[in-house]
Structure formats: structure tokens, C-alpha cells
Amino acid sequence: MGSSYKVKLAPSILSADFSCLGEQVAETTKAGADYIHIDVMDGRFVPQITIGAPVVAAIRPWTNLPLDVHLMIEAPESQISQFIDAGADIITVHIEACPHIHRAVQTIREARVKAGVAINPDTSIDTVMDVLPSLDLVLLLTVNPGFGGQTFIEAVLDKVAQLRAELDRKNLNTELEVDGGINAEVAPRVVRAGARVLAAGSAVFNSEQTISEALGKIRASL
Ligand code: DX5
Ligand code: ZN
């Protein structure tokens with residue numbers, strides 16, 4: 001790749017084997033991942049209940065990689081401190097769940113943790129424009145959040161390109177992460193549109209290949 005940026009891979013452990021999560025995280029680290037993406041769901045903002053702060057704390061000793069915690073929960077402000085204490089390196093809250101986004105971002109950054117805002121496929125990027133300079137990361141959902149293994153929503157590609165243009169125009173180095181339906185077919189297209197961090201669950205954790213082979217396949221596609 002002749003470009004001046006490195007694309008980061010953030011395997012989402014939602015599709016990992018929860019019965020041996022520590023080993024899966026260690027293997028993912030050894031396989032050359034850049035972040036460990038952790039999907040926290042509360043059964044309200046999205047239908048499933050998945051992982052809470054105690055599980056994040058349990059994972060922490062298994063990797064030196066940044067823990068990229070994606071909070072798909074209502075009223076995330078009230079939970080932020082728990083995830084900071086658990087050892088999160090990046091905490092991302094959904095704009096749709098958070099009316100006081102500036103305050104939430106401030107709380108995260110005051111703890112020297114990186115702050116991200118996530119945007120559902122049908123939410124405009126205009127909603128984060130005012131807070132953009134304070135963000136370390138914007139996470140564009142490329143599926144409706146809630147489950148792994150869904151199909152990439154093509155229409156979000158335009159939003160990736162729009163946000164990339166805004167970040168470049170404002171000279172911001174805020175990371176642009178995409179999440180949902182990312183595999184070796186989709187990866188080069190989202191990167192061309194401007195994504196620089198790829199969260200991928202079912203394309204990394206599956207019975208067809210090892211984690212290392214799966215990451216290699218995505219890297220080779222870029
Ligand atoms: C979706 C989650 C994703 C999920 C992605 O709600 O935020 O991180 O794990 O899974 P795949 O890559 O299988 O779409
Ligand atoms: Zn996620």
C-alpha cells in the first residue's frame with residue numbers, strides 16, 4: 001500500500017468463543033490485531049445483553065493492545081467510570097443514546113481515556129460536527145447495531161466519504177472506524193472511502209480459518 005496511513009484492525013470479540021475469552025484475546029493479539037473491539041450491549045438500546053465492565057476487567061491482563069469499548073447502551077454517562085476502572089483505552093458512546101455528548105466526552109478524556117462517538121446507519125454525521133474536534137474516534141456503524149454476522153449496508157459508504165472529507169478539511173486526526181459486515185471484500189472499499197480502523201467480528205472469529213489467517217486475508221485485501 002503506497003499510502004501514508006496504516007489501517008488498523010480491531011477484531012470484535014462478540015464473535016469469539018466466550019468460554020475461553022482470555023485465550024481468544026491473547027491469540028488475537030499474537031495474530032497482529034491493533035485493537036480489541038468489545039461490544040457492550042444492554043438489552044435496551046439494542047436487543048441483546050452481552051458484556052459488562054467485569055468482563056472488560058477480566059480481559060485486560062490478556063493483552064497489551066488498546067481495548068476499544070463500544071457502548072451500545074442507554075444512558076452511557078452513568079456507566080463510563082466503570083469501564084474506565086476496568087481498563088478501557090477507548091470508550092465510544094452512541095450519539096443516539098447520549099443527549100449530553102460533550103459532557104460524556106469530557107468525562108472520558110479527563111480520565112486520559114480516548115473518547116469516541118458512534119453513529120447508527122440512519123443517523124447523519126451532522127450530529128457530531130460540533131463535538132468533532134474533541135473526539136479521538138468516530139465509529140460509523142455499517143450495520144444496525146445489536147448482532148454480529150449481518151450484511152454491510154452499502155449506503156453508509158457515502159457517509160464514510162463525507163466524514164473523511166470533513167476530517168481532512170478540518171485537519172483533524174480523529175480516527176474513523178467502521179463496524180459491521182466488514183470482511184475482505186468490503187474492507188478495501190471502506191478504506192478507499194476513508195475508514196482507517198476496521199472492526200470485524202464474524203470475519204475474524206469463525207470455524208473456517210484461524211484468527212491469524214483471517215486477519216491476514218483482510219490485510220491482503222487492502
Ligand atoms: C454490531 C457490533 C459489531 C459486531 C460486528 O452491533 O457493534 O462490533 O461485532 O460483527 P460483524 O463483523 O460480524 O458484522
Ligand atoms: Zn462494535
Side-chain angles (χ1 to χ4, degrees), residues 7-18 21 24-25 28 31 33-53 55-56 59 65-74 76 79 83 88-98 114-123 136-157 159-160 175-191 195-209 211 213-215 217-219 221-222:
V7 175
K8 293 178 181 168
L9 300 184
S12 162
I13 58 165
L14 186 60
S15 294
D17 182 349
F18 279 16
L21 200 46
Q24 293 263 281
V25 167
T28 307
D34 298 284
Y35 294 162
I36 302 293
H37 185 89
I38 304 176
D39 289 310
V40 175
M41 305 188 190
D42 65 352
R44 293 177 67 88
F45 182 69
V46 289
Q48 272 197 105
I49 298 175
T50 55
I51 292 167
V55 178
V56 175
I59 291 168
L65 292 178
L67 299 181
D68 171 26
V69 177
H70 175 194
L71 298 182
M72 284 162 275
I73 63 176
E74 283 181 5
Q79 305 289 322
F83 288 95
D89 298 279
I90 305 167
I91 297 180
T92 297
V93 297
H94 265 267
I95 189 84
E96 300 85 359
C98 201
K114 290 188 173 170
V117 171
I119 307 179
N120 279 338
D122 59 353
T123 301
D136 297 291
L137 183 144
V138 177
L139 180 62
L140 292 183
L141 270 289
T142 42
V143 297
N144 291 301
F147 303 96
Q150 302 180 81
T151 305
F152 176 78
I153 299 172
E154 291 288 332
V156 185
L157 266 181
K159 236 161 56 167
V160 176
E175 294 200 297
L176 201 174
E177 181 173 8
V178 288
D179 184 12
I182 307 297
N183 54 33
E185 278 72 56
V186 172
R189 301 173 60 219
V190 283
V191 168
R196 298 294 177 260
V197 185
L198 310 181
S202 52
V204 175
F205 301 97
N206 57 61
S207 54
E208 283 147 43
Q209 60 211 327
I211 297 167
E213 285 164 353
L215 292 185
K217 204 169 150 192
I218 296 173
R219 281 236 179 270
S221 75
L222 302 177

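Ligands are counted one by one from 1 in listed order, and the atoms in each one are counted from 1 as well.
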Which donor-acceptor pairs under 3.5 Å do the side chains of residues 45-53 make with protein atoms, sequence neighbours left out?
unit_1, atom_1, unit_2, atom_2, d
Gln48, NE2, Gly146, O, 2.9
Thr50, OG1, Asp39, O, 2.7
Thr50, OG1, Met41, N, 2.9

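- Here the CD1-CD1 distance, from Ile90 to Ile38, works out to 10.0 Å after rounding to the nearest 0.5 Å.
- Side-chain atoms of Lys159 come within 3.5 Å of backbone N or O of Pro121 as a donor-acceptor pair.
- Counted by atom type alone, His37 and Glu177 present one or more donor-acceptor pairs between their side chains at under 3.5 Å.
- In terms of the salt bridge (Lys or Arg N to Asp or Glu O under 4.0 Å) criterion, residue partners of Asp34 (sequence neighbours excluded) are, by chain and number, Lys6, Arg219.
- Contact annotation: the side chain of Val40 approaches that of Val69 to within less than 4.5 Å [non-hydrogen atoms, C-beta and beyond].
- In this structure, the side chains of Asp136 and Glu175 stay at 4.5 Å or more apart for every pair of heavy atoms.
- The protein residues lying under 4.0 angstrom from ligand 1, judged by non-hydrogen atoms, are Ser12, Leu14, His37, Asp39, Met41, His70, Met72, Pro145, Gly146, Phe147, Gly148, Gly149, Asp179, Gly180, Gly181, Ala200, Gly201, Ser202.
- Checked against Leu198 for a side chain to side chain contact (heavy atoms under 4.5 Å, CB included), the options Thr142, Val186, Ile218, Asn183 give a single hit: Ile218.
- The distance cut-off of 2.8 Å around the Zn ion (ligand 2) captures these protein N, O or S atoms, sorted by chain and number: His37 NE2, Asp39 OD1, His70 ND1, Asp179 OD2.
- No donor-acceptor pair closer than 3.5 Å links the side chain of Gln24 to the backbone N or O of Ile13.
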